[in-house]
Amino acid sequence: MPFESQYTPESITPEEVAHSQGPLLIEFGTNWCGFCKSAQPHIKTAMERYPGVEHVKVEDGKGRRLGRTLGVKLWPTLVFLKDGQEITRLVRPDNREDINIALAQIQDR
């Protein structure tokens, strides 16, 4: 799946996450967040190596159900899932190597 450039509110539900199949990266943040903006080049570069991983950007904030369900507290938070189960997460990643390692853990083999 290609790199998503914009965060979208409620783009996926907790139920859809729980029933997802295969590798999935959910990225929580906002379009105006400075930390989120600075992480984008690292995320984009890492995602290019893993085209089979679905990438969903979720605009997070007060009252947003998915972020609360997954315990998101800081932005950006990257939640790496495989078949609906969280494998690992990164909070405010500042390098592509950490993202590559996490993506390798969920990649289909």
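By the 4.0 Å N-to-carboxylate-O rule, R96 lies too far from E48 to be salt-bridged with it.
Here the straight-line distance linking atom CD of E86 with atom CG of L24 works out to 11.0 Å at 0.5 Å rounding. The CZ atom of F35 sits 4.0 Å away from atom CZ of R92, with the distance rounded to the nearest 0.5 Å. The CD1 atom of I26 sits 5.5 Å away from atom CG of L66, with the distance rounded to the nearest 0.5 Å.
C33 approaches C36 most closely through the heavy-atom pair SG-SG, 2.8 Å. Of all the heavy atoms in K82 and I106, the pair that sits closest is CD-O, 3.1 Å.
When atom types are taken as modelled, the side chain of R64 and the backbone of E59 share a donor-acceptor pair closer than 3.5 angstrom. The backbone N or O of Y7 sits less than 3.5 Å from a side-chain atom of N31, completing a donor-acceptor pair. Remark: side-chain polar atoms of D60 are not paired, donor with acceptor, to backbone N or O of G29 under 3.5 angstrom.
A 4.5 Å side-chain heavy-atom check between L90 and F80 finds at least one atom pair inside the cut-off. Side-chain contact between E27 and H55: present, with at least one pair of heavy atoms (C-beta onward) separated by less than 4.5 Å.
Within a 6.0 Å radius of CD in E15, more than 12 heavy atoms belonging to other residues, nucleotides or ligands are found.
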